[in-house]
2 protein chains.
Amino acid sequence: MNEIKKDNTEDKILKAAKTIFIRKGMEGARMQEIADEAGINKALLHYYFRSKQKLFEAIFVNLLTQIFPNITTLLLSDKPIEEKIGLFIEKYIDMLLQNPYLPAFVLKEINRDSDFFEKTFSNRKIDLNLIFNMLEKEMEAGNIRKMNPRDIMANLLAMCIFPFAAKPMLKLLLFGENHQQYDQFLEERKSTIKEFVLNSIVLPKS
Amino acid sequence: MNEIKKDNTEDKILKAAKTIFIRKGMEGARMQEIADEAGINKALLHYYFRSKQKLFEAIFVNLLTQIFPNITTLLLSDKPIEEKIGLFIEKYIDMLLQNPYLPAFVLKEINRDSDFFEKTFSNRKIDLNLIFNMLEKEMEAGNIRKMNPRDIMANLLAMCIFPFAAKPMLKLLLFGENHQQYDQFLEERKSTIKEFVLNSIVLPKS
DNA sequence: AAAAAGATTAACCAAATGGTTAATTCTTGT
DNA sequence: ACAAGAATTAACCATTTGGTTAATCTTTTT
């Protein structure tokens, strides 16, 4: 992706590990496969990262810290709430369209070793309280319906992420044998989710 | 669960395999562990089911055919649409509360070997077209907002299933260190999802 | 009761896999 | 040029694991 660097081995390993781990998961990935993908000897993996677990953690932590914070900030801008939510959905779905394997990978791994996940990310901020406060202020102002802001957040994430994480199943359920339509369906959800949410929570201007 | 049977070995195996497979997944489960859980010798597993794959398929197919059809039928009853959707959500969440590991397990496995999943369940009906027709009729009648019925279905499933599948993450995001509140949150979603959906799609009676 | 068939087990096997080691090649500071 | 340190590799190792086998125990059939 980036220039300047020549052929930094550590980066080659990280890139290869990211590819393989996301495709196969921690348990499904083979060290040999990662070495092959990076074009190096397997022993080098252990030379740079002590163990498979250490290598995996490097990938996983990097991936998660990269995903979360970027998109949530936009919910704290000073745009009107409808626009903020609309933009959030668009950006989030765009990110998922570019990383379609991420949801299944993350769900698999947080459930495989939830202790590690919690230990690693309990400190690492990702504090949604500011967002919850913002939503509650909008409720006080009568701009959106009063409800638990956690439900708004859960529903937003669910509707955005689930169709990617459950793709093989939803594809079959919604379109039967006609698979190809599913990608278009995902693309269109940028607007359909927006409509669905705003219709539910936005109150008419009095 | 059932009486009458004495100590049918095949059932003991199936029950043990179900427990272990759901907890650890196909890749994470060990044949020895299943044998231990069933209180039998490992070779017996291969005596009754030829291979790990065969045993897994028996569990997986049984699990999925059991889950789906029951709950969808109620969407085709002749109750008013609000009530049908409300009941669907309640029943579905109740089922998930009783099988909290199911979503993560199913998502993991359909993504691990989506070909097998598609091959096995493409015939096996689970045809939602009747439900889509029903929803479209309600739209024609002006009872609910016009939209792609597939989005309704996707959103319903997403909002119900995702909080179970992503529990370790959502728990942290929504409640920080105060974990224990999450189960109550899940319970309450029976009513909050209902509100959220109905507010979005039900049109006021003219 | 004897034989045949079925169920169960302990011991074993081959392949896969994460990890190590000792030797070799490459880079760099002097 | 050369020694020291870093990078890289081929070969190896120990463990895990799905699966097999041959023998033993149990049940059914005749």
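Sequence lines set the chain letters: A, B, ... in the order given, protein chains first and strands last, and positions in each chain run from 1.
- Using a distance-only test at 3.5 Å, with no hydrogens or angles considered, no donor-acceptor pair links the side chain of N62(A) to the main chain of A58(A).
- Taking for each of K42(B) and H46(A) the nucleotide of DNA chain C with the nearest heavy atom, the 5'-most of the two is the partner of K42(B).
- Tested against E33(B) for a salt bridge (charged side-chain N to carboxylate O under 4.0 Å, His left out), the candidates R23(B), K42(B), K52(B), K24(B) yield a single pass: K24(B).
- No donor-acceptor pair under 3.5 Å is formed between the side chain of R145(B) and the backbone N or O of M139(B).
- Taking atom NZ of residue K52(A) and atom P of nucleotide dT15(D), one finds them 19 Å apart after rounding to whole Å.
- With F162(A) as the aromatic partner, R189(A) does not meet the cation-pi criteria of under 6.0 angstrom to the ring centre and within 45 degrees of the ring axis.
- Along DNA chain C, read 5' to 3', the first and last nucleotides having any atom under 4.0 Å from a heavy atom of chain A are dT17(C) to dT21(C).
- Panel note: side chain K84(A), backbone L75(A); a donor-acceptor pair is recorded below 3.5 Å.
- Contacts between residues 20-31 of chain B and DNA chain C, counted as heavy-atom distances below 4.0 Å, involve no residue at all.
- Counting only N and O atoms by type, the side chains of D151(A) and T192(B) include a donor and acceptor under 3.5 Å apart.
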Evaluate salt bridge (charged side-chain N to carboxylate O under 4.0 Å, His left out) for K146(A) paired with E136(A), printing each intermediate quantity in order. CA-CA 8 Å; K146(A) 282 202 166 79; E136(A) 267 156 357; over 6 Å; no
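- In this model, no donor atom of one side chain and acceptor atom of the other lie less than 3.5 Å apart for Q98(B) and D94(B).
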